[in-house]
Amino acid sequence: MSSVMVTIIYAFCGGIFGASVGALWAFILCTIIAVMGALVVLAGGSDFILMQVALGPIFGPAAGGFLSGVVAATYSHGVRKNHPTNNAKDIVTPLMGTSWDVLFVGGIAAVISFYFAMLLSKIPYIQLGDTGAISIVILSLLSRVLFLKESIFGSRESIQKHGIFGTNNYELSWCGYMTPKPLLMMIGISMGGVSAAIAAGTLSVLRPLVESGQINASLAWTVPLFFTWGISGIMLTMMALGHGATGKVPVTHAISLVGALMFLHTEPLVGANTAILFGILGGIMGMAVQEFGARVFWNHGGNHIDPPAFSIAINTLFINILFSFII
């Protein structure tokens, strides 16, 4: 069997599983696996768990580790009319109790998204961004148009009534409890600094491993970039299990990744201590673009267009292109 066919099988099976447990739980499992894989690399071991399972075709976010559940939920609500909560924005509830074709759509979506991300990685400049996050945003929007018959921005009536950036006093907001600007700023500063600090620590462990030949140099970039992203994703377990005030946890994985990315780019230029300040700036950027994406694509729409994926897509593209000219 060819390697392409094996990859398709991996993505398809992972996509079915991701849809069956629901997008949020699939993502939480993905981030748990990512942290485990990062720890293996930090110990000088194989990158299989991190690169092939958590970030690859088996259970990456652009495949069965998130996207498949989003598209399946949209199809379940818009086409099959059997979503368990009758709400395509609900990415927490598992879809196991729907129908076989809902899970099948999840599997197909994972395959399409994984290869679409690979296609994007061959396009000049676009390849510098996180093509998995770009694929998540585009295919989620496409599923809105195809399955819900909405525009990419959502309900025209809601936009006309409240304005594209309106929240109706946070009633329309994605994670309205963290939408007030002072709270957003505090979370951006906090997780930007935390992710930069952890990136600095992991780099100090990884560089000797690269020099000794135990790991390749690309992992010394990937592990610091995704380590706190993974921790932030695991935090979402509190949201999935919480009720009322106990579920109001900050959604920080985009903030963490953008903060780590800014640190990694600036650390060779200004040193680790000063680069942490750039990590904080990255956290603020991650937070701001995340909220912008929520207001433009999530608040008025009928399905889930992931604001963190939007933030990662835009910020990684902008930052990586910017530093490609600087360095």
Side-chain angles (χ1 to χ4, degrees), residues 11-31 54-55 57-99 101-117 120 130-154 174-175 233 236 239-240 251 253-254 290 293-294 296-314:
F12 181 68
C13 293
I16 291 174
F17 181 75
S20 73
V21 300
L24 182 61
W25 280 111
F27 181 69
I28 290 169
L29 289 171
C30 168
T31 55
L55 301 178
I58 299 176
F59 217 54
F66 183 70
L67 183 278
S68 68
V70 172
V71 175
T74 308
Y75 171 83
S76 175
H77 175 67
V79 178
R80 290 289 280 143
K81 313 296 184 185
N82 63 359
H83 192 285
T85 62
N86 196 34
N87 180 9
K89 281 186 171 179
D90 176 4
I91 59 170
V92 180
T93 303
L95 300 175
M96 191 65 203
T98 56
S99 54
D101 55 314
V102 171
L103 304 187
F104 181 82
V105 166
I108 294 297
V111 174
I112 293 173
S113 179
F114 180 76
Y115 278 100
F116 183 52
L120 291 172
D130 186 319
T131 57
I134 297 171
S135 179
I136 288 171
V137 172
I138 291 175
L139 291 182
S140 298
L141 288 169
L142 183 61
S143 70
R144 171 180 288 180
V145 173
L146 290 178
F147 301 146
L148 300 184
K149 309 304 179 184
E150 286 185 349
S151 79
I152 61 172
F153 302 107
W174 170 78
C175 298
L236 297 178
M239 174 187 287
V251 182
H253 52 284
Q290 177 174 274
V296 174
F297 295 112
W298 193 95
N299 289 0
H300 305 287
N303 74 329
H304 184 84
I305 309 300
D306 195 54
F310 179 82
S311 179
I312 291 171
I314 297 298

Can you give me the closest heavy-atom contact between [X] and [Y], atom names plus distance?
X    : Y    : answer
V105 : A72  : CG1-CA, 4.5 Å
W25  : V92  : CD1-O, 3.4 Å
A26  : V21  : N-CG2, 3.8 Å
G64  : A110 : N-CB, 3.9 Å

To the closest 0.5 Å, what do you measure between [atom1] ([X]) and [atom2] ([Y])?
X    : Y    : atom1 : atom2 : answer
D130 : I314 : CG    : CD1   : 11.5 Å
Y75  : F104 : OH    : CZ    : 9.5 Å
L103 : M96  : CG    : CE    : 6.0 Å
I134 : S113 : CD1   : OG    : 11.0 Å
L29  : L24  : CG    : CG    : 9.5 Å
H83  : L95  : NE2   : CG    : 5.0 Å

- Message: Walk me through whether L141 and F297 qualify under side chain to side chain contact (heavy atoms under 4.5 Å, CB included).
- Response: CA-CA 8 Å; L141 288 169; F297 295 112; 3.8 Å; yes
Looking at [Y], is its backbone amide N or carbonyl O close enough to the side chain of [X] to form a donor-acceptor pair, meaning the two atoms are under 3.5 Å apart?
X    : Y    : result
R144 : E150 : no
R80  : D101 : no
K149 : G78  : no

Indicate yes or no: at least one non-hydrogen side-chain atom of [X] is less than 4.5 angstrom from one of [Y].
X    : Y    : result
L67  : S135 : no
L148 : H77  : yes
V70  : D306 : no
P308 : W174 : yes

- Query: More than 12 heavy atoms of other residues, nucleotides or ligands under 6.0 Å from CZ of F153: is that the case?
  - Reply: no
- Task: Measure up the H253 and F27 rings against each other and bin them: parallel (under 30°), tilted (30 to 60°), perpendicular (over 60°).
- Result: tilted
- Message: Would you call the rings of F17 and F59 parallel, tilted or perpendicular, taking 30° and 60° as the class edges?
- Response: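 Correct class here is tilted.
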- Query: With S76, which of D90, T93, T98, N82 fulfils side chain to side chain donor-acceptor pair (under 3.5 Å)?
  - Reply: N82
